[in-house]
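In the text below, chain A, chain B and the rest are named by the order of the sequence lines, each starting its count at 1.
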2 protein chains.
Amino acid sequence: MVTTVVVKVKQISTRFSIAVHTISLIAVTPDCTGDYIAGSVNTNPVVIRRIMGMLKKAGLVEVKPGVGGAALLKDPADITLLDVYHAVGVTENNQLFRIHEHSKIECSVGRNIEQVLQDELAEAQALMEQRLAQTTIAQLLEKFK
Amino acid sequence: MVTTVVVKVKQISTRFSIAVHTISLIAVTPDCTGDYIAGSVNTNPVVIRRIMGMLKKAGLVEVKPGVGGAALLKDPADITLLDVYHAVGVTENNQLFRIHEHSKIECSVGRNIEQVLQDELAEAQALMEQRLAQTTIAQLLEKFK
DNA sequence: CACCGTTGTAACCATTGTAGTTACTTCTCG
DNA sequence: CGAGAAGTAACTACAATGGTTACAACGGTG
């Protein structure tokens, strides 16, 4: 028997990488417009505006309505990748891993799997996020030469 | 102005947690059928069969066609969460983070962001996966009392 | 051999997230 | 006022997920 299975998968949204791009750009080119950012990212201006809205809500950037132009509200050295990651909300309830629910409690595995896995996966996620927290936008900018 | 934005997000597929549940169950109840597993997980048997197919391909389990029943091909102490994670292929090309492409190279940020971010995020992902590699199915089973 | 339960798969569907697009309103400054 | 920019709703196309039905293939057992 010949079996062909194409496994399709998912990844964390490009919102995150676009947001990092956006903030870096604002740091390098203060008061740049959304259209300018969209040009560098090479996407639609509305996509940038949506992400800028999230960054505003997170208190990372400030946008001048009417006249246009964006500015950082924090020093690039004080903005970590984790800040941006959280700002664009790429994970539900900050849970990277989704765990199936409603396992049968009659079974010793089903009764415990949710909580045990929850704890294990939370630790794995925490390590990833700690690494994101160690890199600042300022550090990224140093690599853009 | 009142702004309400509901941010919907994504997570790693429950295939992973269901696969861990499945392997744990086989370890505890050798030769159990797919229907039995589906009962404990509380989902459709076909969902289990699909995941079992991936676990078979990864060389983790063996299923007896016709008669039914599954068995582990490795010792539970030699199966890590990372093995299962990779087996069910929840990330594309093993890249957890998706990075936007086609940034404008005329811009210093656009020219460098892809590679710089790629390196940073790969490190964060690696830390998470290393943590998954530190937990075995056997260790999980000890917690199911 | 025929039956029956199990596995292997294909096909389909509803739901959801993503990302792009159009269109229109609102805002500020010259 | 007019121009340019941001805010936002609405729509689209596409893909992943997870459930479901249906059916073929397999392999013991009577």
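- For the residue pair H100(B) and T43(A), no side-chain donor N or O sits within less than 3.5 Å of a side-chain acceptor on the partner.
- Backbone-only contact: V63(A) has heavy atoms under 4.0 Å from sugar-phosphate atoms and none from a base.
- Using a 3.5 Å distance cut-off with no hydrogens or angles, the side chains of Q125(B) and E129(B) do pair a donor with an acceptor.
- Rounded to whole Å, atom C1' of dG17(C) lies 15 Å from atom CD of E92(B).
- Looking at R49(A), its side chain comes within 3.5 Å of the base of dT8(D) through a donor and an acceptor atom.
- Side-chain N/O atoms of K56(B) include none lying less than 4.0 angstrom from OP1 or OP2 on dT7(C).
- Distance, I26(A) CD1 to dA5(D) P: 15 Å, rounded to whole Å.
- A close approach under 4.0 Å does occur between a side-chain nitrogen or oxygen of T14(B) and OP1 or OP2 of dG18(D).
- One atom, CG of N42(A), and another, P of dA19(C), lie 14 Å apart when rounded to the nearest Å.
- Side chain of R15(A), nearest nucleotide from dT17(D), dT18(C), dG8(C): dT18(C).
- Other residues, nucleotides and ligands contribute only 12 or fewer heavy atoms inside 6.0 Å of the CD1 atom of I105(B).
- Atom CD1 in I51(B) sits roughly 15 Å away from atom C1' in dT7(C) (whole-Å rounding).
- Using modelled atom types and a 3.5 Å distance limit, the side chains of Q118(A) and Q95(A) yield a donor-acceptor pair.
- Across all strands shown, G69(B) has heavy atoms under 4.0 Å from sugar-phosphate atoms exclusively, and none from any base.
- Look at T43(B) and you'll find a side-chain N or O under 4.0 angstrom from OP1 or OP2 of dG19(D).
- The aromatic rings of Y85(B) and F97(A) lie perpendicular to each other, with more than 60° between the two planes, well past the 30° mark.
- With hydrogens and angles ignored, a donor-acceptor pair closer than 3.5 Å exists between the side chain of R50(A) and the base of dG20(C).
- Comparing dT22(C), dC29(C), dT20(D) by their nearest atom to the side chain of V46(A) picks out dT22(C).
- For S13(A) and dA19(C), the shortest distance from a side-chain N or O to OP1 or OP2 is below 4.0 Å.
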